[in-house]
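Everything below concerns the one structure shown next.
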Protein chains: 2
Amino acid sequence: MSDFFRSGSKGRTFKAFWDEMGNSVNLKELSQRLQLSQTTVSRALNGYPEVSPATRARVAEMAEQLGYMPNSQARRLATGRSMAIGHVIPRSIHEMMNPIFLEFIAGAGETYSKHGYDMILSVVEDADEEEAYRQIATRKKADGVIIHGPSRTEHRHKLLQGLNLPFVVHGRIPGAEEETSWIDMNNRRAFERATNLLLDLGHTRIALLNGLEYMDFAHRRREGFENALAARNLTADPELMRSADMTEPFGCDNAISMLRLDNPPTAFLVSSMITAIGVARAVGQCGLQTGKDVSIITHDDALSFLPNSGEVPIFTCTRSSVRYAGQKAAELLLDMISDPFQKPSSLHLDAELIIGQSTGPAP
Amino acid sequence: MSDFFRSGSKGRTFKAFWDEMGNSVNLKELSQRLQLSQTTVSRALNGYPEVSPATRARVAEMAEQLGYMPNSQARRLATGRSMAIGHVIPRSIHEMMNPIFLEFIAGAGETYSKHGYDMILSVVEDADEEEAYRQIATRKKADGVIIHGPSRTEHRHKLLQGLNLPFVVHGRIPGAEEETSWIDMNNRRAFERATNLLLDLGHTRIALLNGLEYMDFAHRRREGFENALAARNLTADPELMRSADMTEPFGCDNAISMLRLDNPPTAFLVSSMITAIGVARAVGQCGLQTGKDVSIITHDDALSFLPNSGEVPIFTCTRSSVRYAGQKAAELLLDMISDPFQKPSSLHLDAELIIGQSTGPAP
DNA sequence: TTGAAAGCGGTACCAC
DNA sequence: GTGGTACCGCTTTCAA
């Protein structure tokens, strides 16, 4: 900061005046000072080949000197591309996925910045979600959108298809896998592997603390859990399965009540670090030891404020960076936008299974 | 969803065609079908008084029927207002304040939606932050911005003043309180009160687990803590004060090492729920009981995924909704934008001090 | 290689 | 009350 009043000696007064006003040069002014047409200046700046090197250099220098930047609105209007990606966040989804969501957004945002795109975020009441998408499409606010948190009975993709608005799904829409572009983590497999690990350790009473199961991801996780049990001729005890918003108290309260059962679980499979922390608290409150009396495996979205790394992570976990997913989703979408006739593509990420301090052989 | 192909009987073919293409009607077409000038239609839609009620109704109906919505880029270009607010998130701030930040954003977003504003979020590398603000101003991407997480040696406000870009600070910029608009929580007072509560309970060895103290808010919290001690002729023990990113392990690791001191603290004052959860874990690991052997008071930003409510909250806390702060910050900013000659104003929120289960008399 | 001019889709001033 | 028209700032044919 601080050199924002600098300018070429020749343009001193002029530039200083504008800067003072917070104004900036536009194409017309720039071209006038260069004694060139707007056309040529525009072409020079946008890298069109037919401009002579000399001219281009001259233009570039002056533009730099005057701090010229094209007005986005004008450019958008002229090109018909808004150079922005929309994210619509209905209140419910935001409340539920809060931190995970931000991490995803951050990843996507990095990609957008790199490619000169803006991110526009609409936080709306659930009832206004459809309208928000309509506006994005009709008022041309964004060139594409990301669908967050698809449910098992998803419908947003139909709306978007009808609006002819490109989109990428974070997660998967059951039944529309082929016709949509998406990026998802292999939830079923991750939870199957995690369950197997617990089974291998001798646990048979395993509790599942899952996200809301009308959400596609949570449903898949449960399938993975149940499949693994079934493969060993076990069936899940309904008493040991809960699903809700993945808060800390959800983990703690349920773990406590389960640990007080006559036949308590010896292990917990948990859908989020936050909930897992709650479980760990419960374990402590019951006078038990995590990793010894009770094992915990959690899914870890690799959130920056909940690090679970170090030589031996606190929690044994299935880990998949949701930030990375955000980056990739954005790349996918920008690709689709640049080539509208591409067919849908998708990315399936595998979670790592990482051994930490929270698991051990069944007591 | 699903009625997006509906249309008036007369315009059936036309509308269906456009909709199929994902296209939408523009002002010109709308006015042609109405046999009116664009001017009149525009006026009717924008609520100008000089339009006859009959005309206005006719226009409104047809617009509704054709699903007309003005193109934002065009309107922005014409009016010179971008109807968007920018939030620039440098990587460092985002990593640090992750969940709190999202909650604030969500609050602000609600306000923007209500007032027809868009929110544009730029996630950038720290080194590109200044450039991001420059672009917002120069390319007219937004009509104003919010400054997040001011440090004790803040400079962004100078840049923005130079760029003539309206802004509101979430937090306070030391030394620029008068010349800037801001919304902040009374951090010093909150921590002073919390400390007094602990002192009243007989605690004298009180530990402080604070956020990074080059951040203004964290610095103020520390002042509050130290003031309260000083008022009783106590001074803080440097061994019992730590400051860092407010993660869970930060709380746990430090609490453990402190609890192992010869003269361990009997109470912890903590800057964030997440860190407090870490402290609670440490307490458990040391075989002690929270609220009995060790007291904890934390600041609670009222994050939705970390509820600390119920009849008796888990943690005794100073609580202030950061989401509410977001709403208010947005309102302040929109106000400033609508009346540029207003002088700076600010809002000072007081945190509630709420008694939960995590505090008790000193052992 | 460069320039003139016609949009892009609205808003808003000035007549009528 | 309504309409004609000149912008807003940039991109992009079409000519030269």
Side-chain angles (χ1 to χ4, degrees), chain A residues 18 23-60 62-63 66-84 116 135-141 143, chain B residues 18 22-60 62-63 66-84 116 118 135-141 143:
Chain A
W18 282 106
N23 277 314
S24 35
V25 215
N26 61 19
L27 186 58
K28 189 172 174 187
E29 287 151 5
L30 176 58
S31 61
Q32 281 168 352
R33 303 192 94 244
L34 281 162
Q35 309 265 53
L36 281 172
S37 73
Q38 294 191 28
T39 313
T40 304
V41 176
S42 171
R43 280 198 281 237
L45 258 21
N46 290 315
Y48 282 63
E50 64 262 39
V51 181
S52 84
T55 311
R56 192 191 301 283
R58 210 159 66 85
V59 171
M62 182 68 81
L66 300 190
Y68 168 75
M69 293 186 190
N71 176 308
S72 340
Q73 330 296 352
R75 169 180 276 178
R76 285 164 189 190
L77 180 55
T79 59
R81 319 206 307 147
S82 75
M83 294 302 283
Q135 292 209 5
I136 289 178
T138 309
R139 319 183 93 118
K140 305 270 158 54
K141 286 189 175 184
D143 299 324
Chain B
W18 283 107
N23 277 315
S24 34
V25 213
N26 61 18
L27 185 57
K28 191 173 172 187
E29 286 152 3
L30 176 58
S31 60
Q32 281 168 353
R33 302 191 96 243
L34 282 162
Q35 309 265 52
L36 282 171
S37 73
Q38 294 192 28
T39 313
T40 304
V41 176
S42 172
R43 280 198 282 237
L45 258 19
N46 290 314
Y48 281 64
E50 63 262 40
V51 181
S52 85
T55 310
R56 192 190 302 281
R58 212 158 64 83
V59 170
M62 181 68 81
L66 300 190
Y68 169 76
M69 293 187 190
N71 175 308
S72 344
Q73 328 299 351
R75 171 181 274 178
R76 284 163 190 190
L77 180 56
T79 58
R81 317 205 311 147
S82 75
M83 295 301 282
D118 288 333
Q135 292 209 5
I136 289 177
T138 310
R139 321 183 92 117
K140 306 270 159 54
K141 287 189 176 185
D143 298 326

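Just so we're clear, the structure is a prediction, and the values are computed from it rather than from any experiment. Convention: sequence-line order gives letters A, B, ...; per-chain numbering from 1.
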Study note, to complete from the structure: Those residues at least two apart in sequence (or on a different chain) that pass side chain to side chain contact (heavy atoms under 4.5 Å, CB included) with B/R58 are B/L34, B/L36
Verify, without hydrogens or angle tests, whether [X] (side chain) and [Y] (backbone) share a donor-acceptor contact under 3.5 angstrom.
{"X": "B/T79", "Y": "B/R75", "answer": "yes"}
{"X": "A/R56", "Y": "A/A44", "answer": "yes"}
{"X": "A/S31", "Y": "A/V41", "answer": "no"}
{"X": "B/N46", "Y": "B/Y48", "answer": "no"}
{"X": "A/D143", "Y": "A/R81", "answer": "no"}

Rounded off to whole Å, could you give me the [atom1]-to-[atom2] distance for the [X] and [N] pair?
{"X": "B/L77", "N": "C/dC8", "atom1": "CG", "atom2": "C1'", "value": "9 Å"}
{"X": "A/L34", "N": "C/dG3", "atom1": "CG", "atom2": "C1'", "value": "14 Å"}
{"X": "B/E50", "N": "D/dG1", "atom1": "CD", "atom2": "P", "value": "9 Å"}
{"X": "B/N26", "N": "C/dG7", "atom1": "CG", "atom2": "C1'", "value": "12 Å"}
{"X": "A/M83", "N": "C/dC8", "atom1": "CE", "atom2": "P", "value": "21 Å"}
{"X": "B/Q73", "N": "D/dT11", "atom1": "CD", "atom2": "C1'", "value": "14 Å"}
{"X": "A/R75", "N": "D/dT12", "atom1": "CZ", "atom2": "C1'", "value": "13 Å"}
{"X": "B/R58", "N": "D/dG1", "atom1": "CZ", "atom2": "P", "value": "16 Å"}

Check your understanding: Is B/R76 paired with B/D118 through a side-chain N to carboxylate O contact shorter than 4.0 Å?
Key -> yes
Exercise for review: Report the C-alpha distance between A/S42 and A/T39 in whole Å, list the side-chain angles of each, state the deciding distance to 0.1 Å, and finish with yes or no for side chain to side chain donor-acceptor pair (under 3.5 Å).
Suggested key: CA-CA 5 Å; A/S42 171; A/T39 313; over 6 Å; no
Check your understanding: Hey, does the side chain of B/T40 come within less than 4.0 Å of D/dT2's phosphate (OP1/OP2), counting only N and O?
Key -> no
Practice item. Considering just the side-chain nitrogens and oxygens of B/T55, establish if one lies under 4.0 Å of OP1 or OP2 belonging to D/dG1. Key: no
Revision key, fill the gap. Ranking C/dT2, D/dG9, D/dT11 by distance to the side chain of A/L27, first place goes to D/dT11
Point to revise | Toward the 5' end of DNA chain D, by each residue's nearest nucleotide, B/R56 or B/A74 | key: B/R56
Review point. Got B/L45 and B/Y68 here, is their nearest side-chain heavy-atom distance under 4.5 Å?
Key: yes
Could you list the protein-to-nucleotides 12-16 of chain C atom pairs, N/O on both sides, closer than 3.5 Å?
residue, atom, partner, partner atom, Å
C/dA12, OP2, B/Y48, OH, 2.6
C/dA12, N6, B/T39, OG1, 3.1

Study note, to complete from the structure: Rounded to 10°, the angle between the first-five-pair and last-five-pair axes of the helix from C/dT1-D/dA16 to C/dC16-D/dG1 is 40°
